[in-house]
Amino acid sequence: MIECRHIDFSYDSKTILQGIDLNIENGEFLCILGQSGCGKSTLLRLLAGLERPSAGEIRIDGEPVDGPDRHCSVVFQDYSLFPWMTTGANLTLALHAAYPDKNRKEVKALAESYLETVGLGGSFGQYPEALSGGMRQRAAIARALASPSGILLMDEPFGALDPVNRALLQELVRNLHRDAGKRRTVIFVTHDIDEALYLGTRLVVFSSSPGRIIADEENRISRRYDRTALFRQPEIKALQQKIPAAYRSDMLERLAKRSEVRNGGGI
Ligand SMILES: Nc1ncnc2c1ncn2[C@@H]1O[C@H](COP(=O)(O)OP(=O)(O)OP(=O)(O)O)[C@@H](O)[C@H]1O
């Protein structure tokens, strides 16, 4: 379980996140939405232990996060692979760390099976630059899955993909999450509300300047239907209204504040 208690975060004097209280249960697929610059990636960096909160505390399974965290693996939009290593070597590196008792042959077989899982069988000896964007992102997902961490942090992982590859990878990640049950928690940043509704069992919306949680919605039916049927459900249609409404009210609030400041300043 991940607990964020009253998290504040600033860069220099600029407050990026303010008062984030968020508990995430094992097995959740939490999608984070919000305008550009509202601090979504910053929260992922805090969860991964790559930054530390200015105030508040993050705990994973009861332990405070105070450095790069072994519970988390990360997939970014720009394909988180080492470009100087083959796809296979990218995976075996993660696997050697995860399974120090396995020999080279066993680790290689395991890496090949992860590549197979994401539809990349046969790409073990290829370098990332020889793969298409969609293939690189599959390999990055395979590497994240190969690490023993139960928490997968995904930062707009499909943002650079064409619609067909995007849909295929959504399917892949959704199935992998469903099959892992409570063993895999996913925290997924996206700008795409429909992607969040298809993948997420819970959707959180951040306000901007500073980032605060302005909506927190459960999506109880996300795993019950295929894509076409899901988007016909009244619950999903309601969320398709509710989520943009949260964005709109945040924007109106900020515009109102700005005009208050202007009027106060006599402009
Ligand atoms: N290293 C840094 N130094 C100073 N400010 C930073 C740094 N990294 C990010 N910021 C600022 O922090 C704020 C939040 O950035 P972050 O990347 O978390 O936003 P985001 O919601 O993920 O945005 P996007 O949707 O565009 O990816 C932005 O205003 C950004 O300019």
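Just so you know, residue 1 is the first one in the sequence shown, and it goes up from there. When a ligand or atom number is given, it counts from 1 through the structure's own listing order.
Using a distance-only test at 3.5 Å, with no hydrogens or angles considered, no donor-acceptor pair links the side chain of Thr190 to the main chain of Ile193.
Ligand 1 lies nowhere less than 4.0 angstrom from a heavy atom belonging to Gly34. Note on ligand 1: Arg45 sits outside its first shell, no heavy atom being nearer than 4.0 Å.
Note that CG of Asn165 and CG of Leu172 are 11.0 Å apart. Values are rounded to the nearest 0.5 Å. Taking CZ of Arg174 as the reference point, atom CG of Asp179 lies at 11.5 Å (rounded to 0.5 Å).
Within a 4.0 Å radius of atom 30 (C) of ligand 1, the protein has no heavy atom. Protein non-hydrogen atoms do reach within 4.0 Å of atom 20 (P) of ligand 1.
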Inset, instruction - Step by step, work out the salt bridge (Lys or Arg N to Asp or Glu O under 4.0 Å) result for Glu235 and Arg220. - result: CA-CA 9 Å; Glu235 291 94 324; Arg220 290 172 212 269; over 6 Å; no
- Message: Please determine whether side chain to side chain donor-acceptor pair (under 3.5 Å) holds for the pair Arg224 and Gln233, giving the CA-CA distance in whole Å, both sets of side-chain angles, and the decisive distance to 0.1 Å.
- Response: CA-CA 11 Å; Arg224 272 193 235 155; Gln233 303 308 311; over 6 Å; no
| task | Evaluate salt bridge (Lys or Arg N to Asp or Glu O under 4.0 Å) for Glu57 paired with Arg5, printing each intermediate quantity in order. | result | CA-CA 5 Å; Glu57 188 181 43; Arg5 292 188 197 149; 3.5 Å; yes
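Annotation: Gly39 places an N or O atom under 3.5 Å from an N or O atom of ligand 1; distance criterion only.
Taking the six-membered ring where the residue is Trp, Phe188 and Phe29 present tilted rings, their angle falling between 30° and 60°.
Among protein heavy atoms, atom 24 (P) of ligand 1 sits closest to Ser36 OG, 3.6 Å. Counting protein heavy atoms only, atom 22 (O) of ligand 1 is closest to Ser41 OG, 2.7 Å. In this structure, the protein non-hydrogen atom closest to atom 14 (C) of ligand 1 is Gly37 O, 3.4 Å. The shortest contact between atom 27 (O) of ligand 1 and any protein heavy atom is with Glu156 OE2, 3.4 Å. Among protein heavy atoms, atom 10 (N) of ligand 1 sits closest to Tyr11 CE1, 3.3 Å. For atom 12 (O) of ligand 1, the closest non-hydrogen atom on the protein side is Ile16 CD1, 3.2 Å.
Residue contact check: His191 has heavy atoms under 4.0 Å from atoms 25 (O) of ligand 1. Applying the 4.0 Å criterion to heavy atoms of Lys14 picks out, from ligand 1, the atoms 29 (O). Which parts of ligand 1 touch Thr42 is read off a 4.0 Å heavy-atom cut-off, strictly below it: atoms 14 (C), 15 (O), 16 (P), 18 (O).
Both cation-pi conditions hold for Lys108 and Phe124: the charged atom is under 6.0 angstrom from the six-membered ring centre and inside a 45 degree cone around its axis.
For the pairing with Glu171, the salt bridge (charged side-chain N to carboxylate O under 4.0 Å, His left out) check across Arg178, Arg138, Arg227 returns one residue only, Arg227.
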